[in-house]
Asks: 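Here's a structure for you.
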Amino acid sequence: MLSERAERLVPYPAGRLFDLAADLEQYPRYLAGWKSARIYERDAGVCCAEQQVGFGPVRMAFRSKAVMHRPERIEVTSDDTPFRRFLLLWRFEPARRQEGCVVSLSIELELRSRLLQGWVDRVGPATPINVLFAFEQRARELFGPPGRPGDTAVGSPG
């Protein structure tokens with residue numbers, strides 16, 4: 001089973017970063033390996049999506065459920081066929097000594113296929129930090145340079 005966690009100080013407020021992470025249909029635009037993401041059901045604080053990820057010839061399509069606890073965390077799970085266990089947890093905590101937000105991403109992933117699990121175990125350890133770097137770059141593209149007016153209040157609209 002792959003179990004990895006990374007965290008990063010990102011110079012934007014928690015609410016804006018939460019909204020960026022919650023917009024999973026945009027993941028294919030900026031996250032390597034995300035081929036598609038489509039929300040097929042949305043209810044108060046919960047959304048269900050069909051997603052496809054892949055690297056090289058390996059592709060996995062699956063459904064997931066994201067439970068939103070704005071602006072603190074997003075819990076994404078799947079019990080779809082490829083997985084024995086799938087948990088992706090985003091956390092957003094206002095930085096204590098600086099402006100911005102500490103964003104952490106935890107991934108627990110166990111696949112039913114030993115062959116695919118071996119492949120994920122080889123490429124997986126860099127995954128959370130790579131996702132956070134791409135996430136921060138996307139925030140800079142969308143929100144502009146940090147420290148603009150409106151970027152200091154936790155929970156400000158995204």
Side-chain angles (χ1 to χ4, degrees), residues 1-95 100-143 158:
M1 180 168 90
L2 173 71
S3 180
E4 295 290 328
R5 181 179 182 275
E7 84 176 24
R8 211 163 148 68
L9 175 64
V10 182
Y12 301 96
R16 294 185 98 185
L17 296 172
F18 177 96
D19 292 343
L20 178 58
D23 190 7
L24 68 92
E25 288 179 308
Q26 296 301 310
Y27 285 8
R29 290 181 174 226
Y30 66 94
L31 291 178
W34 239 272
K35 303 303 179 190
S36 66
R38 182 184 72 81
I39 294 174
Y40 65 88
E41 184 178 332
R42 189 183 310 258
D43 202 1
V46 177
C47 77
C48 298
E50 295 175 330
Q51 301 181 65
Q52 185 182 64
V53 295
F55 295 93
V58 178
R59 303 229 190 245
M60 286 190 301
F62 62 97
R63 288 182 170 211
S64 64
K65 175 181 173 182
V67 180
M68 313 284 181
H69 303 275
R70 189 176 198 283
E72 296 89 17
R73 71 185 188 282
I74 302 171
E75 300 162 10
V76 184
T77 58
S78 178
D79 57 5
D80 221 346
T81 304
F83 307 111
R84 280 203 174 103
R85 176 159 176 79
F86 178 95
L87 172 65
L88 189 140
L89 179 61
W90 289 93
R91 289 193 181 273
F92 308 90
E93 297 179 26
C101 176
V102 176
V103 179
S104 67
L105 179 62
S106 302
I107 298 173
E108 293 181 17
L109 180 65
E110 184 176 7
L111 296 165
R112 294 185 191 281
S113 162
R114 284 188 187 180
L115 180 64
L116 284 178
Q117 186 67 49
W119 174 79
V120 166
D121 289 344
R122 282 192 301 282
V123 300
T127 301
I129 196 65
N130 290 342
V131 168
L132 288 180
F133 280 126
F135 179 77
E136 182 176 2
Q137 178 61 37
R138 181 67 172 170
R140 287 182 192 280
E141 290 170 6
L142 293 176
F143 308 146

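Note that these values count all heavy atoms, side chains included, but never hydrogens, waters or copies made by symmetry.
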Asks: Mind checking side-chain hydrogen bond (donor to acceptor under 3.5 Å, both in side chains) for Arg5 and listing every partner two or more places apart, or none if nothing turns up?
Replies: Glu7
Asks: First locate atom CG of Leu89, then atom CG of Leu105, and finally report the distance between them rounded to the nearest 0.5 Å.
Replies: 8.0 Å
Asks: Are more than 12 heavy atoms from other residues, nucleotides or ligands located less than 6.0 Å from atom NZ of Lys35?
Replies: yes
Asks: Is there side-chain contact between Tyr12 and Arg140, with at least one heavy-atom pair below 4.5 Å?
Replies: yes
Asks: Take the angle between the ring planes of Tyr27 and Trp90 and call it parallel below 30°, perpendicular above 60°, tilted in between.
Replies: tilted
Asks: Quick one, Asp79 with Lys65, criterion salt bridge (Lys or Arg N to Asp or Glu O under 4.0 Å). Give me CA distance, side-chain angles, the key distance, then yes/no.
Replies: CA-CA 9 Å; Asp79 57 5; Lys65 175 181 173 182; over 6 Å; no
Asks: Any carboxylate oxygen within less than 4.0 angstrom of a Lys/Arg side-chain nitrogen, looking at Arg73 and Glu75?
Replies: yes
Asks: The criterion is side chain to side chain contact (heavy atoms under 4.5 Å, CB included); which residues satisfy it with Arg29, sequence neighbours excluded?
Replies: Gln26, Arg138
Asks: Just verifying a value: how many Å separate Leu142 CG and Asp23 CG, rounded to the nearest 0.5 Å?
Replies: 9.0 Å
Asks: Using the test ring-ring contact (aromatic ring centres under 6.0 Å, His included), find all partners of Phe62 that sit at least two apart in sequence or belong to another chain.
Replies: Phe83, Phe86
Asks: Are any non-hydrogen side-chain atoms of Phe135 and Leu17 less than 4.5 angstrom apart?
Replies: yes
Asks: With sequence neighbours excluded, what pairs up with Gln117 under the side-chain hydrogen bond (donor to acceptor under 3.5 Å, both in side chains) test?
Replies: Asp121
Asks: Give a yes or no answer on whether the side chain of Arg8 reaches the backbone of Ile129 with a donor-acceptor pair at less than 3.5 Å.
Replies: no
Asks: Find the distance between OG1 (Thr127) and CG (Leu2) and round it off to the nearest 0.5 Å.
Replies: 6.5 Å
Asks: Going through the checks in order, is the side-chain contact (heavy atoms from CB on, under 4.5 Å) test met by Arg70 and Asp19?
Replies: CA-CA 8 Å; Arg70 189 176 198 283; Asp19 292 343; 2.9 Å; yes
Asks: Without placing hydrogens or testing angles, list every side-chain donor-acceptor pair under 3.5 Å for residues 44-61, not counting sequence neighbours.
Replies:
from: Glu50; atom 1: OE1; to: Arg38; atom 2: NE; distance (Å): 3.3
from: Glu50; atom 1: OE1; to: Arg38; atom 2: NH2; distance (Å): 2.6
from: Glu50; atom 1: OE2; to: Arg63; atom 2: NE; distance (Å): 3.4
from: Glu50; atom 1: OE2; to: Arg63; atom 2: NH2; distance (Å): 2.8
from: Gln51; atom 1: OE1; to: Trp34; atom 2: NE1; distance (Å): 2.8
from: Gln51; atom 1: NE2; to: Ser64; atom 2: OG; distance (Å): 2.6

Asks: Between Pro28 and Ser36, which heavy-atom pair has the shortest distance, and what is it?
Replies: CG-CA, 3.7 Å
Asks: Using the side-chain contact (heavy atoms from CB on, under 4.5 Å) definition, which of the options Thr81, Val76, Asp80 pairs with Ser78?
Replies: Asp80
Asks: Looking at side-chain heavy atoms only, is the closest gap between Phe92 and Cys101 below 4.5 Å?
Replies: yes
Asks: Of all heavy-atom pairs between Gly100 and Leu9, which one has the smallest distance, and what is that distance?
Replies: C-CD1, 4.4 Å
Asks: How close do Leu111 and Arg84 get, heavy atom to heavy atom, and via which atoms?
Replies: O-NH1, 3.6 Å
Asks: Does any part of the side chain of Val102, heavy atoms only, come nearer than 4.5 Å to the side chain of Arg91, both counted from C-beta?
Replies: no
Asks: Only pairs at least two apart or in different chains count here, so list each side-chain hydrogen bond (donor to acceptor under 3.5 Å, both in side chains) that has a residue in residues 103-115.
Replies: Arg85-Glu108
Asks: Would you say Tyr30's side chain and Val131's backbone share a donor-acceptor pair under 3.5 angstrom?
Replies: no
